[in-house]
2 protein chains.
Amino acid sequence: MTTDCLNCPLRQRPVFEPMKGNELDFMRKFKTGELEINAGTTLMLEGTNSPQLYTALKGMGLRYKTLKSGERQVINFVLPGDFIGLQAGVMQEMQHSVEATTDMKLCVFDRKNLWRLFRDCPERAYDLTWLAAVEEHLLGENLAILGHMNGLRRIASAFVRLHDRGAALGLAHNGRMPLPYKQQDLADALGLSLVHTNKTLRHLRKGGAVRWMNGQLEVLDYDLLCGIAGLDPGRRAILRPLI
Amino acid sequence: MTTDCLNCPLRQRPVFEPMKGNELDFMRKFKTGELEINAGTTLMLEGTNSPQLYTALKGMGLRYKTLKSGERQVINFVLPGDFIGLQAGVMQEMQHSVEATTDMKLCVFDRKNLWRLFRDCPERAYDLTWLAAVEEHLLGENLAILGHMNGLRRIASAFVRLHDRGAALGLAHNGRMPLPYKQQDLADALGLSLVHTNKTLRHLRKGGAVRWMNGQLEVLDYDLLCGIAGLDPGRRAILRPLI
DNA sequence: CGTTGAATTGACAAGTTTCAAGTCTTGTGG
DNA sequence: CCACAAGACTTGAAACTTGTCAATTCAACG
């Protein structure tokens with residue numbers, strides 16, 4: 001038995017824009033089921049299309065592009081609440097792949113109903129566009145990070161932002177949250193070599209700002225970490241819709 | 001007298017998805033006028049909202065973020081056909097600024113009519129989301145470029161992609177097109193220092209692949225340039241809608 | 001145990017930034 | 001018409017950051 005959208009535990013989180021009555025009704029029809037996948041599963045493959053769209057409910061994953069050289073650029077980390085497959089939905093095909101890092105549970109939608117969403121539920125269509133705009137904003141921030149920060153600041157920024165996302169989802173407690181990625185994943189996200197990432201992690205650990213071991217992130221000194229990252233510790237998360 | 005959407009010269013370009021009859025009708029009502037601005041004008045400012053949305057018709061501009069340190073990350077180059085202000089439209093405020101590099105002519109829409117677009121013209125709403133997805137794709141590519149390429153390849157990639165965009169818009173002839181930016185703009189887009197950008201440009205010039213002087217880009221050897229950039233010379237532009 | 005994948009470390013090479021200075025172009029006012 | 005100022009572009013040298021190569025350690029697993 002799948003969870004009814006009515007009781008969706010994610011929706012209650014204050015990061016997500018509340019749904020109006022008819023939106024919720026629509027989503028209950030739009031949702032076609034749930035999917036559980038194992039760690040390591042490729043959910044979407046760059047260059048292909050997918051008959052399904054998803055919202056992550058549990059677990060974590062990665063969006064990435066594979067370059068001609070065989071290298072990998074991690075575009076973003078996938079956490080609960082993230083919508084997956086918008087590109088496949090509106091464009092011809094995915095421009096990046098999505099892979100499950102841990103076991104995941106996903107909410108499943110049919111791509112062929114996407115047009116009905118635009119036609120019958122403009123509120124949800126608006127939210128979908130909003131979500132795309134938020135995504136664009138986040139990528140813009142990533143770009144600025146890669147373009148203007150050295151390794152230390154990049155990693156500090158990544159940790160602050162992951163921690164904030166985790167906190168907004170209720171995954172973080174006292175600065176600790178699960179972060180089940182490999183150093184290579186982080187390196188590929190930040191455009192750093194594995195070796196340099198490793199050495200910088202040690203540096204941060206010795207500095208007492210943050211530790212990341214055995215898939216656990218521990219933010220020991222949030223203000224210090226924000227200081228290294230050049231981020232304002234008081235800034236607010238952007239409100240976004242949940243699809 | 002402003003141009004009627006019926007005769008919009010941009011719309012004819014094959015890069016843009018053709019509009020269906022009712023879409024065109026809707027756009028004629030949605031458009032509230034045209035705006036001409038001088039080079040140097042800031043069209044949208046990060047952190048503010050704008051009552052208007054635009055589509056660039058003529059001229060070129062820049063989207064950029066200003067970092068706390070005062071540095072600038074150029075997110076993208078604005079060319080004719082680009083939609084400006086989606087973030088302001090759906091989110092609370094712009095997350096980046098937009099500035100005119102040359103004199104520009106823009107098609108103007110009222111932000112307050114955006115909701116009507118979603119309600120009354122789902123086709124256009126769909127296209128707007130599509131556009132956001134394309135934007136996300138482009139940013140993802142930029143990210144991969146910053147993350148994995150050295151200065152030479154970054155600049156080569158930027159030139160190939162600008163050239164292709166220009167060619168699709170009919171701005172390029174025999175590999176030549178206007179590119180009225182400063183070296184500093186390119187450096188800020190690619191996350192390179194001005195000095196290194198300059199030296200790398202000389203390197204490319206000497207190699208005979210491409211020249212960029214006096215606001216003119218001359219692609220002398222497209223295949224060579226693609227080779228440096230690590231791009232496939234035969235790849236196709238992504239079809240996208242025009243708003 | 002041996003194997004595998006991940007994390008760690010040191011040494012060196014390469015790429016990039018920073019600093020500092022000089023040139024070229026353009027527009028302006030005397 | 002010339003002198004000057006401002007902005008963009010160019011260049012060289014030194015310092016620094018980061019990548020690459022090569023080994024080693026560590027933990028999990030059959």
Side-chain angles (χ1 to χ4, degrees), chain A residues 38-40 62 67 69-74 99 101-102 145-158 178-207 210-218 228 230, chain B residues 38-40 62 67 69-74 99 101-102 144-158 178-207 210-218 228-230:
Chain A
N38 293 328
L62 285 176
L67 311 185
S69 60
E71 293 169 300
R72 196 179 60 148
Q73 173 68 42
V74 170
E99 189 178 301
T101 301
T102 64
I145 288 172
L146 290 211
H148 288 278
M149 294 185 179
N150 62 20
L152 185 67
R153 295 184 60 199
R154 289 188 210 183
I155 292 181
S157 304
L179 193 67
Y181 299 101
K182 292 183 282 189
Q183 292 187 358
Q184 184 71 64
D185 296 329
L186 186 63
D188 286 344
L190 300 179
L192 298 170
S193 70
L194 173 61
V195 172
H196 192 60
T197 301
N198 181 290
K199 288 174 181 171
T200 308
L201 285 171
R202 178 177 51 167
H203 187 165
L204 277 170
R205 214 160 43 225
K206 293 226 172 121
V210 66
R211 270 196 304 182
W212 177 39
M213 300 165 63
N214 309 317
Q216 276 277 321
L217 180 69
E218 289 183 67
I228 297 171
Chain B
N38 293 328
L62 286 175
L67 311 185
S69 60
E71 292 168 300
R72 198 179 59 150
Q73 173 68 42
V74 170
E99 187 178 301
T101 301
T102 65
I145 289 172
L146 290 211
H148 288 279
M149 295 184 178
N150 62 18
L152 185 67
R153 296 183 60 199
R154 290 188 208 183
I155 292 181
S157 305
L179 193 67
Y181 299 100
K182 290 182 283 189
Q183 293 187 357
Q184 184 71 64
D185 296 329
L186 186 64
D188 286 345
L190 300 179
L192 299 170
S193 70
L194 173 60
V195 172
H196 191 59
T197 302
N198 181 290
K199 288 173 180 170
T200 308
L201 284 171
R202 178 176 53 166
H203 188 163
L204 277 170
R205 215 160 43 225
K206 292 225 171 120
V210 65
R211 270 197 304 182
W212 178 37
M213 300 165 64
N214 310 317
Q216 275 277 321
L217 180 69
E218 289 183 67
I228 297 171

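Note: hydrogens, waters and symmetry copies are ignored here, and every other heavy atom, side chains too, is used. Order of the sequence lines fixes the chain letters, A, B, ..., with proteins taken first and strands second; residue numbering starts at 1 for each chain.
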Proximity to the side chain of [X] - top-ranked nucleotide from [options]:
| X | options | result |
| --- | --- | --- |
| A:His196 | C:dT17, D:dA13, D:dG19 | D:dG19 |
| B:Lys182 | D:dT20, C:dT18, D:dA8 | D:dA8 |
| A:Arg205 | D:dC9, D:dT18, C:dT8 | C:dT8 |
| B:Asn150 | D:dT17, C:dT16, D:dT20 | C:dT16 |
| A:Gln183 | C:dT8, C:dT17, D:dG12 | C:dT8 |

Nearest whole Å is fine: how far is [N] [atom2] from [X] [atom1]?
| X | N | atom1 | atom2 | answer |
| --- | --- | --- | --- | --- |
| A:Lys199 | C:dA6 | NZ | P | 19 Å |
| A:Arg153 | D:dT17 | CZ | P | 13 Å |
| A:Leu204 | C:dT8 | CG | P | 13 Å |
| B:Leu194 | C:dT18 | CG | P | 11 Å |
| A:Lys206 | C:dT8 | NZ | P | 11 Å |
| A:Met149 | C:dT17 | CE | C1' | 17 Å |
| A:Asn214 | C:dA7 | CG | C1' | 11 Å |
| B:Leu201 | D:dT11 | CG | C1' | 14 Å |

Give one of base, sugar-phosphate or nothing for B:Leu192, where a contact means two heavy atoms less than 4.0 Å apart. sugar-phosphate
Please work out if B:Gly215 contacts a base, only the sugar-phosphate, or nothing of the nucleic acid, heavy-atom cut-off 4.0 Å. nothing
Under 3.5 Å, is there a donor-acceptor pair between the side chain of A:Gln73 and the main chain of A:Ala189?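 Side chain of A:Gln73 to backbone of A:Ala189: a pair is present.
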Just by modelled atom types, is the A:Gly191 backbone N or O under 3.5 Å from a matching donor or acceptor in the B:His148 side chain? no
When rounded to the nearest 0.5 angstrom, what is the spacing between CG in B:Leu146 and CG in A:Leu190? 12.5 Å
Could you go step by step and tell me if A:Leu62 and A:Arg72 meet the side chain to side chain contact (heavy atoms under 4.5 Å, CB included) rule? CA-CA 11 Å; A:Leu62 285 176; A:Arg72 196 179 60 148; 3.8 Å; yes
Within less than 4.0 Å of OP1 or OP2 of [N], is there a side-chain N or O belonging to [X]?
| X | N | value |
| --- | --- | --- |
| A:Asn198 | C:dA7 | no |
| A:Arg202 | C:dT9 | yes |
| B:Gln184 | D:dC9 | no |

On DNA chain C, nearest-nucleotide positions of A:Val195 versus B:Gly151: which is more 5'? A:Val195
Identify the two heavy atoms, one from B:Asp185 and one from B:Val74, that lie closest to each other, and give their separation to 0.1 Å.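 The answer is O-CG2, 3.7 Å.
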